[in-house]
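Please read the structure below before turning to the comments.
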Amino acid sequence: MGESRTELLQWLNELLQVNYTKVEQCGTGGAYCQVMDSIYGDVPMARVKMNAKHEYEFLANYKILQNVFKAHKLDKPIPVEKLVKCKMQDNLEFLQWIRRFWEQNSPGHQYDAVARRKGAIADAPATIAPIATSSRSGGLGVSSTTKPGRRTPLGGPRAGSAAGSATASSAAKLQEELKQSKADIEALEMERNFYFNKLRDIEILVQSQLDSAEGGGPSEATLRSIQEILYKTEEGFEPPEPSERGDEEETF
């Protein structure tokens, strides 16, 4: 029988120096990434968003986790579509598995979770479900009940003014979040294009070497192996179109 939620959260909070109160909060993926880092020490924690609030941030965390599993040849499937919904049962089962895996593979040395995050704040996620795009409400309190041809009731403008101020503040906050989201997406696209262009240069070099290699031999076999790696794709992956790559090569 697996550990209880209380035991799992106590272990997780002590290991990662966080303050999670619900198993569902693990659905952001950040905690899972850092548990694996406590075992292998090679997870790029600078790219892990421990305070993720949006679904695209959750998915970015799980992409990092999938890469770790792949690098260490772990055949455990990660049910990303279930985990990102932040449901208790799905995350409880995965957290129980990852706890057992940690017990079997932890190197046993002291793990400085805060240092690995480079001091970044890692408070428990404020939400237990990814933030979706907000829909418009039916209108402000007073105006939504006011029909054409009728006068606004006395005191209505004051109530409308207060509601309008709150709405404006909320809209400004959403605009700021949208701006940050766009910046994050642009950064990811730049990184993707940078590495894609690098691989494209290797592809061209390999092809030119193959064209000039007439006698075959070990060199040609090696080049063809490299070519197979370059052309190998994963399910759901589509290489960017030439128009998306941009004319300038970004440096990191």
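- In terms of heavy-atom proximity, C86 sits nearest to N91 at CA-ND2, 3.7 Å.
- Closest of all the heavy-atom pairs between Y62 and C26 is OH-O, 3.7 Å.
- Distance alone, capped at 3.5 Å, is enough to place a donor-acceptor pair between the Q34 side chain and the A113 backbone.
- Between F101 and K76 there is no side-chain heavy-atom pair separated by less than 4.5 Å.
- For Q66, the side-chain contact (heavy atoms from CB on, under 4.5 Å) criterion is met by K63, I78, V80, not counting sequence neighbours.
- Looking at heavy atoms from C-beta onward, L95 lies in side-chain contact with Y32 at the 4.5 angstrom threshold.
- Relative ring orientation between H72 and Y40 is described as parallel, the plane-to-plane angle staying below 30° on a 0-90° scale split at 30° and 60°.
- Between M50 and R117, some side-chain heavy-atom pair lies under the 4.5 Å cut-off.
- L59 and L178 are members of different hydrophobic clusters when ILVMFWY side chains are connected at heavy-atom separations under 4.5 Å.
- Residue S38 comes nearest to P107 through the heavy atom pair O-CD, 3.7 Å, listed as atom of the first residue, atom of the second, then distance.
- In the hydrophobic clustering of ILVMFWY residues, with side-chain heavy atoms under 4.5 Å counting as a link, W97 and L65 come out together.
- Residue pairs that meet the salt bridge (Lys or Arg N to Asp or Glu O under 4.0 Å) test with at least one member in residues 26-45, sequence neighbours left out, are D37-R116.
- Taking OG1 of T28 as the reference point, atom CG of L83 lies at 10.5 Å (rounded to 0.5 Å).
- Summarising the geometry of P77 relative to P79, their closest heavy-atom pair is O-CD, 3.5 Å, with the distance given to 0.1 Å.
- Annotation: R5, atom CZ; neighbour count of heavy atoms from other residues, nucleotides and ligands within 6.0 Å does not exceed 12.
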Indicate every side-chain donor-acceptor pair of residues 8-16 with a distance under 3.5 Å to a residue at least two apart or in another chain.
| residue | atom | partner | partner atom | Å |
| --- | --- | --- | --- | --- |
| N13 | OD1 | Y20 | N | 2.8 |
| N13 | ND2 | L9 | O | 3.2 |
| N13 | ND2 | Y20 | O | 3.0 |

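- Using modelled atom types, one finds a donor on one side chain and an acceptor on the other under 3.5 Å when comparing Q89 with E93.
- Although no hydrogens or angles enter the test, the distance criterion places a donor-acceptor pair under 3.5 Å between the side chain of Q25 and the main chain of K22.
- In this structure, the side chain of S170 does not engage the main chain of T167 through any donor-acceptor pair within 3.5 Å.
- With rounding to the nearest 0.5 angstrom, the CE atom of M36 is 12.5 Å from the CH2 atom of W102.
- Counting heavy-atom neighbours within 6.0 Å of E81 CD, excluding the residue itself, gives a total of 12 or less.
- From I64, atom CD1 reaches atom CZ of F69 across 13.5 Å, with rounding to the nearest 0.5 Å.
- Shortest non-hydrogen contact noted between D184 and E57 is OD2-OE2, 4.3 Å.
- When atom types are taken as modelled, the side chain of Q175 and the backbone of A171 share no donor-acceptor pair closer than 3.5 angstrom.
- Here the side chains of N61 and R47 are not in contact, with every heavy-atom distance at 4.5 Å or above.
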Could you walk me through whether H54 and K49 satisfy the side chain to side chain contact (heavy atoms under 4.5 Å, CB included) test, starting with their C-alpha distance in whole Å, then the side-chain angles of each, then the deciding distance to 0.1 Å, before giving a yes or no? CA-CA 10 Å; H54 301 273; K49 295 185 181 297; over 6 Å; no
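- Between the NZ atom in K179 and the CD atom in E176 there is a gap of 6.0 Å [rounded to 0.5 Å].
- In this structure, the separation between CD on E7 and CD on Q96 is 10.0 Å, given to the nearest 0.5 Å.
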